[in-house]
Amino acid sequence: MPYINFIYIPISIFCAFIVTDYIHFGTECLGPIISRFILFILMMVVARYCIKNKPNVLELVESIFLVISSLFLIYVGRLAVELNNFDYQGGIILVMIYIGTFSRLSAKYSITTLSFIFSSYLIGLAPLLYDAEPKHEIETISVYLSAYILISAACIRRDLEVHKRFAQSEQLRKQAIQLRKQSNMFEALSYQDALTGCYNRLYLHQVIEPSINRQLSITSIMIDIDHFKSINDTYGHQMGDMVIKELAAEIQKRLPSSSNCFRYGGEEFLVMVQGETEASIKSLVDSLLESPSRLRLEVTISIGVKHAPLAIGSVEQLIDDADQALYISKKNGRNQVTWCD
């Protein structure tokens with residue numbers, strides 16, 4: 001709350017009235033001055049503590065400070081009347097004006113505090129002033145009443161504006177969250193193949209390739225469904241899509257956490273693995289070769305593998321080597337694994 005330190009303003013003004021006390025009462029103002037200074041110190045300490053530790057109670061604390069200030073002004077006003085000084089009565093309206101201007105109390109606190117201050121004046125000071133100068137006091141009360149009505153209306157309007165701004169900011173916040181969610185969703189869609197949920201080439205080159213650890217081993221595994229065109233020709237493209245989707249799921253089940261699976265072409269998949277030994281890769285590709293056995297349609301796959309002990313070459317060359325090995329698997333009868341030396 002950027003206006004939180006405004007609470008020090010009425011406290012400082014309250015202390016500054018020591019000057020007017022001295023002007024009005026002279027040497028007889030020692031009691032009010034001491035009381036006012038003690039209250040000023042207490043208010044400053046409490047305000048500082050609340051700002052640092054309990055900002056949620058500042059509204060209540062500010063209202064209490066304003067009420068205490070008003071009661072003290074009424075006390076000093078009564079003291080002035082006893083000393084036949086009928087001019088000391090302007091402090092109360094300053095407190096009311098502060099509530100309508102600098103204060104950021106909610107309408108509930110503002111109007112409650114205003115009502116208490118106005119009622120305190122009517123009960124505690126107005127009768128004494130009326131007895132001394134009836135016409136002048138009636139005019140003063142009318143001014144106070146007008147100020148009370150105008151300030152109350154201002155507080156209500158301020159509260160409505162605050163609620164309106166809050167509602168607008170909340171709506172903007174929700175819209176921002178929604179846009180962020182949509183942005184994340186579109187980003188995910190741009191990186192994922194819609195049919196299989198595997199990553200695409202864009203994700204490979206924009207995300208995976210820059211994050212490769214060149215100090216670890218890296219393996220590229222190219223996988224292709226054998227005789228896929230005949231599946232589409234015999235059973236239709238819908239069945240072909242089902243085979244691709246089911247195979248993608250079976251491949252991903254077998255992959256270690258250090259790997260990523262990409263749909264590299266129509267019926268072709270690429271698996272990139274980092275940090276695995278050649279022995280563990282051999283076990284992995286043997287498992288991948290068996291993955292079509294769980295599909296509803298009987299198919300086979302061919303695999304090409306390129307394993308590098310250190311990821312020092314280009315990703316394109318690594319993939320091309322695995323693709324050449326895949327071509328050899330196809331050429332040698334399919335349903336087999338070929339390693340690129």
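Every value quoted in this text rests on a predicted model; they were computed, and no experiment measured them. Atoms considered below: every heavy atom in the structure, side chains included; atoms not considered: hydrogens, waters and symmetry mates.
- Proximity of a side-chain donor or acceptor of Ser329 to a complementary backbone N or O of Gly304 within less than 3.5 Å is not detected.
- Ring-centre distance between Phe72 and Tyr75: below the 6.0 Å cut-off.
- The shortest distance between side-chain heavy atoms of Cys155 and Leu105 does not fall below 4.5 Å.
- Checked by atom type and distance alone, the side chain of Arg294 never pairs as donor or acceptor with a backbone atom of Glu246 at under 3.5 Å.
- Although no hydrogens or angles enter the test, the distance criterion places a donor-acceptor pair under 3.5 Å between the side chain of Arg201 and the main chain of Tyr264.
- Side-chain contact between Glu290 and Asp286 is absent, with no heavy-atom pair separated by less than 4.5 Å.
- Counting only heavy atoms from C-beta outward, the side chains of Tyr121 and Ile93 never approach each other to under 4.5 Å.
- Annotation for Leu289 and Ile303: closest pair N-CD1, 3.8 Å, computed over non-hydrogen atoms.
- Of all heavy-atom pairs spanning Leu125 and Arg78, the tightest one is CD1-N, 3.6 Å.
- Judged purely by atom type and a 3.5 angstrom limit, Gln274 uses its side chain to pair as donor or acceptor with the backbone of Asn213.
- Taking a 6.0 Å sphere around CZ of Arg48, one finds it holds 12 or fewer heavy atoms contributed by other residues, nucleotides or ligands.
- Put simply, the side chain of Phe269 does not reach to within 4.5 Å of the side chain of Leu288, judged on heavy atoms.
- Under a hydrophobic clustering in which Ile, Leu, Val, Met, Phe, Trp and Tyr are joined whenever their side-chain heavy atoms come within less than 4.5 Å, directly or via other members, Val299 and Leu195 fall into the same cluster.
- Residues Gln192 and Gly197 approach most closely at NE2-O, 3.4 Å, considering heavy atoms.
- For Arg296, the CZ atom counts as loosely surrounded, since its 6.0 Å shell holds 12 or fewer non-hydrogen atoms of other residues, nucleotides or ligands.
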| query | Given Ile208 and Tyr199, is the side-chain contact (heavy atoms from CB on, under 4.5 Å) satisfied, shown in steps? | reply | CA-CA 10 Å; Ile208 298 300; Tyr199 293 121; 5.8 Å; no
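- Of the N and O atoms on the side chains of Ser302 and Asp226, at least one donor lies less than 3.5 Å from an acceptor on the other residue.
- One distance of note links CG of Leu204 with OH of Tyr191; it measures 11.5 Å at 0.5 Å rounding.
- The local environment of CZ in Phe40 is crowded, with over 12 non-hydrogen atoms from other residues, nucleotides or ligands closer than 6.0 Å.
- In this structure, a donor-acceptor pair under 3.5 Å is present between the side chains of Arg254 and Ser287.
- Transitive grouping of hydrophobic side chains (ILVMFWY, heavy atoms separated by less than 4.5 Å) brings Ile141 and Leu129 into a common cluster.
- Scanning all heavy atoms of the two residues, the minimum distance from Leu128 to Gly124 falls at CD1-O, 4.3 Å.
- Between Gly240 and Ile231, the shortest heavy-atom distance links the atoms CA-CG2, 4.2 Å.
- Heavy-atom contacts from other residues, nucleotides or ligands closer than 6.0 Å to CD of Gln238 number 12 or fewer.
- Residue Ser69 holds its OG atom at 11.0 Å from CD1 of Ile74, rounded to the nearest 0.5 Å.
- If you chain together hydrophobic residues whose side chains sit under 4.5 Å apart, Val273 and Leu326 never meet in one group.
- Residues Ile221 and Leu318 do not share a hydrophobic cluster, clusters being chains of Ile/Leu/Val/Met/Phe/Trp/Tyr side chains in contact below 4.5 Å.
- Atom CZ of Phe116 has 12 or fewer heavy atoms from other residues, nucleotides or ligands within 6.0 Å.
- Put simply, the side chain of Ser70 never gets that close to the backbone of Ile92: no donor and acceptor are under 3.5 Å apart.
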| task | Report the C-alpha separation of Leu94 and Tyr98 in whole Å, then their side-chain angles, then the decisive distance to 0.1 Å, and conclude whether the side-chain contact (heavy atoms from CB on, under 4.5 Å) test is met. | result | CA-CA 6 Å; Leu94 289 178; Tyr98 167 82; over 6 Å; no
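- Atom NE2 of His227 is separated from atom OG1 of Thr300 by 6.0 Å, given to the nearest 0.5 angstrom.
- Ser115 and Tyr148 form a side-chain donor-acceptor contact under 3.5 Å, judged by distance and modelled atom types alone.
- Sparse packing is recorded around NZ of Lys245, with 12 or fewer heavy atoms of other residues, nucleotides or ligands lying under 6.0 Å away.
- Between Glu62 and Glu59 the shortest side-chain heavy-atom distance does not fall below 4.5 Å.
- Taking hydrophobic clusters as Ile, Leu, Val, Met, Phe, Trp and Tyr residues chained together by side-chain heavy-atom distances below 4.5 Å, Ile319 does not share a cluster with Ile225.
- Heavy-atom neighbours of Gln175 CD from other residues, nucleotides or ligands within 6.0 Å: above the threshold of 12.
- When all heavy atoms of Ile244 and Arg263 are compared, the closest pair comes out as CD1-NH2, 3.5 Å.
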| request: Go through Lys108 and Asp159 one step at a time and tell me if the side-chain contact (heavy atoms from CB on, under 4.5 Å) criterion holds. | output: CA-CA 9 Å; Lys108 179 181 74 172; Asp159 212 43; over 6 Å; no
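- A salt bridge links Asp233 with Lys229; the closest basic N to acidic carboxylate O contact falls under 4.0 Å.
- Contact of the Glu250 side chain with the Pro292 side chain is not registered, since no non-hydrogen atoms from C-beta on lie closer than 4.5 Å.
- The structure places OG1 of Thr101 at 9.0 Å from CD1 of Ile99, a figure rounded to the nearest 0.5 Å.
- Put simply, the side chain of Ser142 gets close to the backbone of Glu139: a donor and an acceptor are under 3.5 Å apart.
- Taking 4.5 Å as the limit, every side-chain heavy atom of Lys282 sits out of range of all side-chain heavy atoms of Val305.
- Of the listed residues (Val337, Val271, Leu270), just one forms a side chain to side chain contact (heavy atoms under 4.5 Å, CB included) with Ile223, and that residue is Val271.
- Using a 4.5 Å heavy-atom cutoff, the side chains of Leu284 and Thr219 are not in contact.
- Ser259 OG to Ile218 CD1: the interatomic distance, rounded to the nearest 0.5 Å, is 11.5 Å.
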| Under the side-chain contact (heavy atoms from CB on, under 4.5 Å) criterion, do Leu310 and Arg214 qualify, and how do the steps go? | CA-CA 6 Å; Leu310 291 175; Arg214 298 293 175 175; over 6 Å; no
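- Residue Thr113 holds its OG1 atom at 9.0 Å from CG of Leu60, rounded to the nearest 0.5 Å.
- A distance-only check finds a donor-acceptor pair linking the side chain of Asn200 to the backbone of Tyr203 [under 3.5 Å].
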